[in-house]
Amino acid sequence: MRRKAELPDDYVPALGFDWLTSIYDPVVLLTTRDALVKRNLIEHAGFDEGMKVLDLASGTGTLSIMIKRRIASVDVTGVDGDPKILEIAETKAREANVRVDFDNAMATNLPYPDSTFDRVVSTLFFHHLNNSAKSQALSEVFRVIKPGGRLVVGDWGKPTGFLMRLLFYPIQWLDGFETTRDNIEGKLPAMVQDAGFENVQTLESINTVFGTLALYSAEKRETSITA
Ligand SMILES: C[S@@+](CC[C@H](N)C(=O)[O-])C[C@H]1O[C@@H](n2cnc3c(N)ncnc32)[C@H](O)[C@@H]1O
């Protein structure tokens, strides 16, 4: 499903400014240890044959394509609010010869029925949203994940020291001081829990030239079957 979304005024594109989107991949590859972060996230996600996976704010599709290459039988959908970046993602998936369905929609209003996905994964995304949009997006993720499903997030986290905090200023300048605040204050896990998830864990902290990235996982409880 593909529809054009009107981007709201407070929408933060991949590199903060629309005109930087075309150089997103090389910048991220060189600065955020992208391959390592995404590889580790895939390990933590525990994909299995035939699972339905949502890559939330899939950007240029790098993670979606990596997942399909790792385990071809999973059914991967990437969703992103920016139609321009989805065109890049579609081209990359075609060139990689993998099938990913890319949808144009906002994370705060996902176009999927309840309990659709076994796994929801997301990298470098939540720091683009203000506090209330983060909560709304997490509620949407909780809604579309199946009971027993898992969320795995890689995003800017609490800096591991003073240097990491200093190095993060350019990201705040690009993507916004307000939107990044919850991340560096280490509030994402509590927000994930508030959305209804259980067993919320911080799996890793990875230092980069722009600060500390954190990997988190969380689970949606299996519904108990009553006789
Ligand atoms: C830094 S990029 C990360 C892209 C990709 N996940 C990755 O790891 O390379 C952030 C992405 O979030 C998308 N985005 C920002 N706000 C959004 C929203 N409210 N709903 C959906 N996507 C959004 C942007 O278009 C952009 O593609």
Side-chain angles (χ1 to χ4, degrees), residues 1-42 45 53-67 76-93 100 102-112 119-141 144 151-157 168 170-176 178-180 182-183 206 208 210-211 213-216:
M1 169 205 335
R2 190 75 186 271
R3 67 186 166 87
K4 289 264 175 196
E6 277 288 307
L7 295 185
D9 290 343
D10 62 355
Y11 192 89
V12 182
L15 277 182
F17 298 96
D18 198 40
W19 53 276
L20 288 175
T21 295
S22 57
I23 59 162
Y24 177 80
D25 273 354
V27 170
V28 166
L29 191 68
L30 288 173
T31 59
T32 65
R33 304 177 75 187
D34 198 48
L36 172 79
V37 170
K38 287 180 166 62
R39 222 171 31 236
N40 288 6
L41 182 143
I42 287 171
V53 178
L54 179 67
D55 179 4
L56 182 72
S58 50
T60 59
T62 306
L63 179 62
S64 298
I65 293 167
M66 283 175 76
I67 295 167
V76 181
T77 300
V79 65
D80 199 282
D82 182 351
K84 182 173 163 186
I85 209 160
L86 286 172
E87 280 171 21
I88 299 173
E90 283 175 339
T91 303
K92 277 173 62 178
V100 177
F102 288 107
D103 293 333
N104 187 195
M106 302 300 277
T108 46
N109 187 16
L110 293 172
Y112 311 111
R119 298 285 183 269
V120 176
V121 293
S122 183
T123 47
L124 294 171
F125 167 55
F126 282 96
H127 72 281
H128 284 240
L129 304 179
N130 65 32
N131 182 273
S132 71
K134 279 190 191 80
S135 297
Q136 210 178 325
L138 285 166
S139 296
E140 277 293 86
V141 170
V144 301
L151 165 68
V152 191
V153 171
D155 201 359
W156 300 111
F168 191 61
I171 299 292
Q172 293 197 285
W173 179 76
L174 273 177
D175 291 341
E178 191 204 336
T179 55
T180 51
D182 296 320
N183 291 67
I206 298 173
T208 77
F210 283 134
L213 283 164
L215 292 183
Y216 307 108

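As the structure lists them, so they are numbered: ligands from 1, and atoms in each ligand from 1. Everything numeric in this text was worked out from a predicted model, so none of it was measured.
Taking each of Lys134, Gln136, Met106 in turn, the one with a heavy atom nearest to atom 19 (N) of ligand 1 proves to be Met106. Of the listed residues (Leu7, Asn104, Val37, Leu124), the one carrying the non-hydrogen atom nearest atom 1 (C) of ligand 1 is Leu124.
A donor-acceptor contact shorter than 3.5 Å is absent between the side chain of Lys38 and the backbone of Ile67. Judged by distance alone, with hydrogens and angles left aside, the side-chain atoms of Asp103 form no donor-acceptor pair with the main-chain N or O of Val79 at under 3.5 Å. Checking side-chain atoms of Asn183 against main-chain N and O of Gly157 turns up no donor-acceptor pair under 3.5 Å. When atom types are taken as modelled, the side chain of Tyr24 and the backbone of Pro13 share no donor-acceptor pair closer than 3.5 angstrom.
By the 3.5 Å distance cut-off applied to N or O atoms, Asp55 is not counted among the residues near ligand 1. In terms of N/O distances under 3.5 Å, ligand 1 is approached by Lys38. Between Leu129 and ligand 1, no pair of N/O atoms sits closer than 3.5 Å. Residue His127 places no N or O, backbone or side chain, under 3.5 Å from any N or O of ligand 1. An N or O contact shorter than 3.5 Å is missing between Pro13 and ligand 1 by distance.
Annotation for Ser58 and Leu86: closest pair OG-CD2, 4.1 Å, computed over non-hydrogen atoms. The minimum heavy-atom distance linking Phe102 with Ser64 is given by the pair CE2-OG, 4.1 Å. Listed here is the closest heavy atom pair of Gly61 and Ala89: N-CB, 3.8 Å. A pairwise comparison of heavy atoms in Glu140 and Leu110 identifies OE2-N, 2.6 Å as the closest pair. The shortest non-hydrogen separation linking His128 to Asp175 is NE2-OD2, 3.8 Å. The shortest heavy-atom contact between Tyr112 and Val144 is O-CG1, 3.8 Å.
Using a 4.0 Å cut-off between heavy atoms, Ala105 contacts ligand 1 through its backbone alone, with no side-chain atom that close. With a heavy-atom cut-off of 4.0 Å, Ala133 does not touch ligand 1 at all. Contact annotation for His128 and ligand 1: only side-chain heavy atoms (C-beta onward) come within less than 4.0 Å of the ligand.
Atom 22 (N) of ligand 1 has its closest protein heavy atom at Gly81 N, 3.1 Å. Ala57 O, 3.4 Å is the protein heavy atom nearest to atom 5 (C) of ligand 1. Atom 3 (C) of ligand 1 has Tyr24 OH, 3.2 Å as its closest protein atom, hydrogens excluded (heavy atom only). In terms of protein heavy atoms, atom 20 (N) of ligand 1 is closest to Ala107 N, 3.0 Å. At the top of the distance list for atom 14 (N) of ligand 1, counting protein heavy atoms only, stands Tyr11 OH, 3.0 Å.
A perpendicular orientation is assigned to the rings of Trp156 and His127, their planes being inclined by more than 60° (bins at 30° and 60°).
Each of Asp25, Leu213, Leu124 was checked for a side chain to side chain contact (heavy atoms under 4.5 Å, CB included) with Asp34, and the lone residue meeting it is Leu124.
Remark: ligand 1 atoms within the under-4.0 Å shell around heavy atoms of Thr123 are 3 (C), 5 (C), 6 (N), 7 (C), 8 (O). Those atoms of ligand 1 that come under 4.0 Å of a heavy atom in Ile85, given as number and element, are 27 (O). Here is the list of ligand 1 atoms found below 4.0 Å of a heavy atom in Gly59: 4 (C), 27 (O). For ligand 1 and Asp82, the ligand atoms under 4.0 Å from any heavy atom of the residue are 25 (O).
For Asp80, the closest heavy-atom approach to ligand 1 falls below 4.0 Å. The shell of residues lying under 4.0 angstrom from ligand 1, judged by heavy atoms, includes Val12.
Residues Leu215 and Val37 have side chains in contact (heavy-atom distance under 4.5 Å, counting atoms from C-beta outward).
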